[in-house]
Colleague: 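Starting off with a structure, shown below.
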Amino acid sequence: MQVGVWQLVIIALVILVLFGRGRISEMMGDFGKGINSFKQGMSEGEKGGKGETHKLEGPQHEAKPASQAAADPKPAEKSDS
């Protein structure tokens, strides 16, 4: 099944009637702002991506096994590592 030019025109008219000209232009403006914001973020990512890297750190204590943690609700002691 192929969609022809006239079917696209009818679909566009139905959308125009349902949403109105103002709402469609507002949505297109928001879409354009989103694309510009995305491009700006990508260019900032390329510039700043080679500089400082962030290291994710885990918890500062050793976790207890599940069976021991269920029996003892007190948190594990902190280790100095």
Side-chain angles (χ1 to χ4, degrees):
M1 184 171 135
Q2 295 179 351
V3 179
V5 176
W6 289 109
Q7 287 88 2
L8 291 176
V9 170
I10 291 171
I11 292 171
L13 287 174
V14 169
I15 290 173
L16 185 64
V17 168
L18 289 176
F19 292 107
R21 189 177 60 113
R23 178 70 180 139
I24 292 174
S25 64
E26 181 181 323
M27 289 188 323
M28 288 293 120
D30 291 342
F31 183 71
K33 287 178 186 176
I35 290 176
N36 287 337
S37 176
F38 177 76
K39 286 181 181 178
Q40 183 181 9
M42 290 298 291
S43 66
E44 287 177 1
E46 290 174 359
K47 291 178 186 174
K50 297 178 183 175
E52 181 181 335
T53 59
H54 298 284
K55 180 180 176 184
L56 297 176
E57 296 184 14
Q60 298 298 323
H61 65 280
E62 293 185 26
K64 296 180 181 180
S67 59
Q68 185 181 3
D72 185 20
K74 192 172 61 172
E77 297 295 322
K78 289 187 177 183
S79 64
D80 294 331
S81 28

Colleague: Would you compute the distance between atom CD of Gln40 and atom OG of Ser37 and round it to the nearest 0.5 angstrom?
Modeller: 6.5 Å
Colleague: Side-chain heavy atoms nearer than 4.5 Å, only ILVMFWY residues, links allowed to pass through others: does that put Ile24 and Val14 together?
Modeller: yes
Colleague: Would you check if Lys39 and Ile35 make a side-chain contact, meaning some heavy-atom pair closer than 4.5 Å?
Modeller: yes
Colleague: Keeping the roles fixed (side chain from Glu44, backbone from Gly41), state whether a donor-acceptor pair exists under 3.5 Å.
Modeller: no
Colleague: For residues Leu18 and Ile11: do they belong to one hydrophobic cluster (side chain heavy atoms under 4.5 Å, members Ile, Leu, Val, Met, Phe, Trp, Tyr)?
Modeller: yes
